[in-house]
Each structure stands twice: as C-alpha cells, then as structure tokens.
A.B. asks: 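Following this message is one structure expressed as structure tokens.
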Amino acid sequence: MKKQAPRTTEQRTAAALKSLADKCSRKEYCTADIRQKLEYWELPEVENAKIMQFLQEHHFIDDSRYARNYAEDKFRFNHWGKQKIALMLRQKGISPEDITEALQAIPEDNYAESCLAVLLQKQRTLDETDPYKRKAKLIRFALGKGFDFDTVQKCIDRLPEHDT
C-alpha cells in the first residue's frame, strides 16, 4: 500500500523539516544545499524561512563547520589545493570569512607535501622527454588541482632532477 503525501501546508512543512533534519544529522550540508532541497517541497517562502531558521538554531546546518569539513576532506582525500577549495566553497555561497578560516586550518607543511606528492605521482605517468615541456605539464597539472604557483614552483624544484 502506497503512502499518501501530506496535503496541508503544515503537514508538508513538518514532513520537510523532519526529512531535512534527518539528512543533516547524517551528513554535513551548507545553507545552499538545504535551500536547493527545499525547492522539492514547493512550500511558501515563509515556511522555507522557518525551516532554515530551525535548522540553523539547532545546529543542523552551520556554514562555518561545513566549510572546515569540506576543506579538510578535499585536501586530504582529493589532494586539492587551497585555490580550488576556495572556488568550490564560493560557488556554494559560503562567506569569505568562513572560507578563510577553513583554509587557514590546512597546515602549511602538509600543504607543500601534498603538492609534492601529487607532482611525483603525475611525473611517473608523463611520457614527455623534453624537460621544459615536462615541467610545463607538471605546473599546469598542479595549478589545475588548485595549488598556488609559488608552492608549485617550490615543489617542482624539490623533484628529482633527472625526472623533471
């Protein structure tokens, strides 16, 4: 037997709140993600605002916490640089202050080591024999991963000479 969808605005609001609170208790979401999910419920804007307020007051969503976790995960597991992380957070509507705080949580020494590891891994897959073209490919790759040019240049200088 199929469940019937709630019909009144109050019932739909309660169902949306329960569903979103459940989702937020299992995974981090930012405000923009939740607003997008609210569109599915087709509730009046007043009800959406009440739901957002409840979720924020009860710490189901917190953009600052989201930004820190996002930055840590993307750095640690995807080996993204700070520039790419910042870009993606901006696209999600995270405030510049929260982005700055999240990026400052990434340790500088780990940052350079991660860039070096990414370059070493890429270096093994390159077939290019011309050292200038090889170096250019490595630089483009690391910049594409979101590392800043100064960090990339320092890491390139640390690569074994015969491989660059």
Side-chain angles (χ1 to χ4, degrees), residues 16-41 45 48-126 128 131-161 163-164:
L17 179 58
K18 182 182 181 308
S19 173
L20 292 172
D22 183 50
K23 287 179 189 291
C24 291
S25 65
R26 286 184 271 131
K27 179 183 168 195
E28 280 294 335
Y29 289 97
C30 66
T31 303
D33 291 340
I34 297 301
R35 286 193 196 286
Q36 187 176 21
K37 291 183 183 309
L38 274 172
E39 289 176 15
Y40 165 80
W41 293 92
E45 190 54 44
N48 287 348
K50 287 179 185 176
I51 291 172
M52 290 300 295
Q53 182 179 2
F54 178 88
L55 293 173
Q56 288 170 338
E57 285 176 358
H58 292 88
H59 304 290
F60 283 100
I61 54 176
D62 179 353
D63 283 349
S64 178
R65 182 180 66 214
Y66 176 85
R68 285 190 310 272
N69 289 335
Y70 185 91
E72 180 182 332
D73 286 352
K74 293 301 179 184
F75 173 70
R76 193 198 259 139
F77 299 116
N78 295 50
H79 305 287
W80 284 4
K82 291 180 181 182
Q83 292 176 336
K84 187 169 185 173
I85 293 169
L87 173 69
M88 300 309 283
L89 288 172
R90 275 194 302 277
Q91 288 180 349
K92 291 209 174 255
I94 305 298
S95 74
E97 297 81 22
D98 289 338
I99 293 173
T100 301
E101 180 185 322
L103 295 179
Q104 287 174 345
I106 297 173
E108 260 328 294
D109 55 334
N110 289 3
Y111 187 69
E113 291 304 316
S114 180
C115 180
L116 183 62
V118 163
L119 287 169
L120 283 168
Q121 184 176 3
K122 180 65 176 175
Q123 187 178 43
R124 287 186 215 113
T125 66
L126 291 178
E128 185 62 55
Y132 295 109
K133 289 181 180 177
R134 189 174 180 81
K135 185 175 182 178
K137 285 184 178 189
L138 288 170
I139 290 172
R140 273 194 306 278
F141 178 76
L143 292 175
K145 291 287 264 181
F147 291 97
D148 61 279
F149 185 77
D150 291 338
T151 302
V152 172
Q153 190 61 48
K154 289 175 188 171
C155 291
I156 293 260
D157 292 343
R158 291 176 55 194
L159 289 174
E161 199 60 40
D163 291 335
T164 53

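All values reported here derive from a predicted model rather than from experimental measurement.
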A.B. asks: Starting at CG of Leu20, measure out to CD1 of Ile34 and round the result to the nearest 0.5 Å.
C.D. replies: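 Leu20 CG to Ile34 CD1: 5.0 Å, rounded to 0.5 Å.
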A.B. asks: Sequence neighbours left out, what passes side-chain contact (heavy atoms from CB on, under 4.5 Å) with Glu128? Give chain and number order.
C.D. replies: Asp130, Lys133, Arg134, Lys137
A.B. asks: Side-chain donor-acceptor contacts of residues 81-88 below 3.5 Å, not counting sequence neighbours, with atom names and distances?
C.D. replies:
{"residue": "Lys82", "atom": "NZ", "partner": "Glu108", "partner atom": "OE2", "Å": "2.6"}

A.B. asks: Looking only at non-hydrogen atoms, find the nearest pair between Leu119 and Leu138 and report the distance.
C.D. replies: CD2-O, 3.4 Å
A.B. asks: Check residues 141-152 and write down every donor-acceptor pair under 3.5 Å in which the side-chain atom is one partner and the other belongs to a residue at least two apart or another chain.
C.D. replies:
{"residue": "Lys145", "atom": "NZ", "partner": "Asn78", "partner atom": "O", "Å": "3.0"}
{"residue": "Asp148", "atom": "OD1", "partner": "Thr151", "partner atom": "OG1", "Å": "2.8"}
{"residue": "Asp148", "atom": "OD2", "partner": "Asp150", "partner atom": "N", "Å": "3.4"}
{"residue": "Asp148", "atom": "OD2", "partner": "Thr151", "partner atom": "N", "Å": "3.1"}
{"residue": "Asp148", "atom": "OD2", "partner": "Thr151", "partner atom": "OG1", "Å": "3.0"}

A.B. asks: So do Asp22 and Lys18 actually touch side chain to side chain, heavy atoms under 4.5 Å?
C.D. replies: no
A.B. asks: Only counting residues at least two apart or in another chain, list the ones meeting ring-ring contact (aromatic ring centres under 6.0 Å, His included) with Phe60.
C.D. replies: none
A.B. asks: Compile the donor-acceptor pairs under 3.5 Å between side chains in residues 48-59 and protein atoms, sequence neighbours left out, one pair per line.
C.D. replies:
{"residue": "Gln53", "atom": "NE2", "partner": "Glu57", "partner atom": "OE2", "Å": "2.9"}
{"residue": "His58", "atom": "ND1", "partner": "Phe54", "partner atom": "O", "Å": "3.0"}

A.B. asks: Where is the tightest heavy-atom contact between Ile106 and Ala71, given as atom of each residue plus distance?
C.D. replies: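 Taking every non-hydrogen atom into account, CD1-O, 4.3 Å.
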A.B. asks: If you look at every heavy atom in Cys155 and Ala112, which pair is closest and at what distance?
C.D. replies: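 Looks like SG-O, 3.3 Å.
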A.B. asks: Counting distance only, does the side-chain N/O of Thr100 pair as donor-acceptor with the main-chain N or O of Pro96 below 3.5 Å?
C.D. replies: yes
A.B. asks: Under the ring pair (Phe, Tyr, Trp, His ring centres under 6.0 Å) definition, can you give me all pairs with a residue in residues 79-100, not counting sequence neighbours?
C.D. replies: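 Listed once each, the pairs would be none.
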A.B. asks: For Arg65, give me all partners under side-chain hydrogen bond (donor to acceptor under 3.5 Å, both in side chains), at least two apart in sequence or on another chain.
C.D. replies: Glu28
A.B. asks: What ring pair (Phe, Tyr, Trp, His ring centres under 6.0 Å) pairs are there with at least one residue in residues 81-100, not counting sequence neighbours?
C.D. replies: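 For residues 81-100: none.
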A.B. asks: Find the distance between CG (Leu116) and CD (Gln123) and round it off to the nearest 0.5 Å.
C.D. replies: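 So the gap between those two atoms works out to 9.0 Å.
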A.B. asks: Going by the rule salt bridge (charged side-chain N to carboxylate O under 4.0 Å, His left out), which residues pair with Arg90 if we only count those two or more places apart in sequence or in a different chain?
C.D. replies: none
A.B. asks: Are side-chain heavy atoms of Thr31 and Ile94 found at a separation under 4.5 Å?
C.D. replies: no
A.B. asks: Return the CG to NZ distance between Asp33 and Lys23, rounded to the nearest 0.5 Å.
C.D. replies: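 It is 11.5 Å, given to the nearest 0.5 Å.
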A.B. asks: If I compare all heavy atoms of Ala102 with all of Ala67, which pair ends up nearest, and what's the gap?
C.D. replies: CB-O, 3.4 Å
A.B. asks: Find out whether Leu120 and Pro160 are in side-chain contact, i.e. whether some heavy atom of one side chain is under 4.5 Å from a heavy atom of the other.
C.D. replies: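 Yes - at least one pair of side-chain heavy atoms lies under 4.5 Å apart.
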A.B. asks: Test of understanding: with salt bridge (charged side-chain N to carboxylate O under 4.0 Å, His left out), list the residues that count as partners of Asp62, not counting sequence neighbours.
C.D. replies: none
A.B. asks: Taking only residues two or more places apart in sequence or in another chain, which ones pass side-chain hydrogen bond (donor to acceptor under 3.5 Å, both in side chains) with Asp109?
C.D. replies: none
A.B. asks: Count the heavy atoms of every other residue, nucleotide or ligand shown that sit under 6.0 Å from CD of Gln121, and state whether that count exceeds 12.
C.D. replies: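 It does not: Gln121 CD has 12 such atoms or fewer within range.
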A.B. asks: Under the rule for side-chain contact (heavy atoms from CB on, under 4.5 Å), what residues qualify as partners of Ser95, not counting sequence neighbours?
C.D. replies: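 By the side-chain contact (heavy atoms from CB on, under 4.5 Å) rule, Ser95 matches Glu97, Asp98.
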A.B. asks: With a 4.5 Å limit on heavy-atom distance, are the side chains of Cys30 and Tyr70 in contact?
C.D. replies: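 Counting from C-beta outward, Cys30 and Tyr70 never come under 4.5 Å.
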